[in-house]
Amino acid sequence: MLKSLLIANRGEIACRIIRTARRLGIRTVAVYSDADARALHVRQADEAVHIGPSPARESYLVGDKIIAAAKQTGAEAIHPGYGFLSENADFAQAVIDAGLIWVGPKPHSIRAMGLKDAAKKLMQEAGVPTTPGYLGEDQSPEHLKAEADAIGYPVLIKAVAGGGGKGMRRVDAPEDFADALTSCKREAASSFGDDRVLIEKYILSPRHIEVQVFGDSLGQVVHLFERDCSLQRRHQKVMEEAPAPGMDAATREAVCAAAVKAAKAVDYEGAGTIEFIADASEGLRADRIWFMEMNTRLQVEHPVTEEITGQDLVEWQLRVASGEPLPKRQDELSINGWAIEARLYAEDPAKGFLPSIGKLEAFMLGEGVRIDTGVTEGAEVSPFYDPMIAKVIAHGAAREEARLDLAEALDESIVWPVRSNAGFLVRALEHPDFVAGTVDTGLIGRDGEALIPPAMPSDEALADVAAALAEQPLAGFRLNAAPRRMVLLAVNDQKMAVAFPGSDSDDPLVADEHAVPEPVLLSEEGQTWLVQPYRASGTHAGAAGDGAITSPMPGRIIAVEVTSGASVTKGQKLVTLEAMKMEHTLTAPFDGTITELNATPGAQVSEGTLLVRVEAAE
Ligand code: ADP
């Protein structure tokens, strides 16, 4: 077994690899960029080497710096994780040439699977069923069009060098083909430096089924069953599970055997994944599952396979890289229960899934699940890398148990002020197609809007938090009248009066001027809000400094007590506003003169409107 290992990656996967290495007594070396100087993987490793500025192309993607770091620390081997340099055959070769052990397949296996056309051709020769289509030997637009016509629409144009869901165009009708081809080739040239394309039949009701395979240096290959990764957003996986819903034993045997055949055809060593696409219009059928591509590395979603097989795939990788045989034979592997993984991202589903960066002031997830993460509370989510902050994995005896456990853990998550997709994931887990296990890759494209969580908490949740805040003995609430009934709250800066049960008075409860309670975080169905008890009466905070008195919330002006040019004394009533069933009197913050007056009785005003300006007396 290896004695030392450098991990050429960051975030959750670096932490994941360190965990197994440590258990096996292997010394670990982390590498890090400027942005990651205080990252969890750096703190967890035995040693860490700084490899450059924050952008990945100046640090995590610079092979020479990583090899130098391994040499400098005496690390024997390099584990690339996923992404970054993990499928870069030249880097793998450079690691080997430097006299180090590469934890991954041989460079020629990576190359064989690197281009989609060559990989498909190789698979066809090996007798692995591939998606019907044309491999693009002749790249003339006329010929490609003729091939598409012969395949029958819809078709998918794919860049042969494509990856990460890029460089693909669906074409539904012959007249759209030429334009789609031009734009696909343009994107392929700029993203991958290779504009060649292939054409595939576009599979309807497509499900993404993939098989985990493992090979060793003795030429043995086994599979560790399938995963279903059909829940995707823009061809990127959102949730993964194992086994695949609706997969019968015969179909499983056929697809897993095809995967082993595919891996053997490229002399495969280490962890790999064979991705298939299935036409599930009539369920999963062995004659409707086709090879799509091979990923020659450990996948993001490997934990679901670990959960159902009880194997540690990183340990397998390290043993195989050390020259040991595979830890288990095929007949020693079996499926135990069901596992589902959700990818938790720092992003805002309500804003088009915009990445959300900043400090994770609060970061908590529910219990009873496996959490693979690279961050802890207080960490910074930086703009430089993938915004995935954790993978949450539930394992149960049956699918429904795993589904409910995962939904509960996400439901209870608290992430603040960074936004997360937890609420979106909870809703996805509750979608009828997910519950039924019939998700196809188009689900989010069709129904995504319905999965966007609401902007505000439910009335019940607000009532609960209002009641709880009002009952804090030291919260500083002053009862205007008993029994209590309403509290003024600012929820993510949006001001509102919240009624809560247990009373029947219409009089609101306001926070005392001198003792405003601390804000609290309210979390519901995976969403988190900051709730700040809000003081509406008396001198409004906006008035304190500059004498600009603004409307604290939308409402109607019911009285104006001053005229322009008048002198006022501190605390004198200026304007009274009616909003949310109560009156708010705005008073002068200091002695002075009214220099601006924009308030007329009866007028409706929105929040933040400048009503009065007081200029301080000399
Ligand atoms: P990439 O290498 O960019 O990830 P893939 O070839 O793995 O591209 O395809 C990514 C996703 O695109 C698949 O998971 C599937 O959802 C969809 N897809 C790929 N090929 C087809 C096809 N022939 N028909 C329908 N959908 C497809």
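Just so it is clear, the values below take in all heavy atoms, side chains as well, and ignore hydrogens, waters and symmetry mates. Start at 1 and go down the list; that is how both ligands and their atoms are numbered.
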Do Ile371 and Lys391 touch side chain to side chain, with heavy atoms closer than 4.5 Å? no
Tell me the protein heavy atom at minimum distance from atom 4 (O) of ligand 1, and give that distance in Å. Gly165 N, 3.5 Å
Those atoms of ligand 1 less than 4.0 Å from some heavy atom in His208: 14 (O)
Measure across Val31 and Ala8 and return the closest heavy-atom pair with its distance rounded to 0.1 Å. CG2-CA, 4.1 Å
Looking only at non-hydrogen atoms, which of Glu210, Lys120, Gln232 approaches atom 15 (C) of ligand 1 most closely? Gln232
Report the residues that fulfil side chain to side chain contact (heavy atoms under 4.5 Å, CB included) with His143, sequence neighbours left out, ordered by chain and then residue number. Tyr134, Asp138, Ser140, Glu147
Which ligand 1 atoms are under 4.0 Å away from a heavy-atom of Thr441? 16 (O)
With a 4.5 Å cut-off on side-chain heavy atoms, are Val439 and Arg207 touching? no
Within the 4.0 Å heavy-atom shell around Thr131, which atoms of ligand 1 are there? 23 (N)
Is the distance between the ring centroids of Tyr60 and Tyr385 less than 6.0 Å? yes
Determine, considering heavy atoms only, which of Lys201, Lys158, Glu293 sits nearest to atom 6 (O) of ligand 1. Lys158
Tell me, which protein residue and heavy-atom name are nearest atom 27 (C) of ligand 1, and how many Å apart are they? Ile277 CD1, 3.2 Å
Closest to atom 11 (C) of ligand 1 among His235, Lys116, Gln236 (heavy-atom distance): His235
the protein heavy atom lying closest to atom 13 (C) of ligand 1 turns out to be Met292 CE, 3.8 Å
Of the protein's non-hydrogen atoms, which lies at the shortest distance from atom 10 (C) of ligand 1, and what is that distance? Met168 CE, 3.8 Å
Decide side-chain hydrogen bond (donor to acceptor under 3.5 Å, both in side chains) for Thr130 and Gln124; before the verdict, give the C-alpha distance in whole Å, the side-chain angles of both, and the deciding distance to 0.1 Å. CA-CA 7 Å; Thr130 60; Gln124 285 170 359; 3.1 Å; yes
Does an N or O from Ile203, backbone or side chain, lie closer than 3.5 Å to an N or O of ligand 1? yes
Glu275 neighbourhood, listing ligand 1 atoms whose heavy-atom distance to it stays under 4.0 Å: 7 (O)
Quick one: do Phe353 and Phe424 satisfy ring pair (Phe, Tyr, Trp, His ring centres under 6.0 Å)? Show the steps, please. CA-CA 10 Å; Phe353 296 88; Phe424 179 83; 5.0 Å; yes
Residues that Pro154 engages under side chain to side chain contact (heavy atoms under 4.5 Å, CB included), provided they are two or more places apart: Arg170, Asp172, Tyr202, Leu204
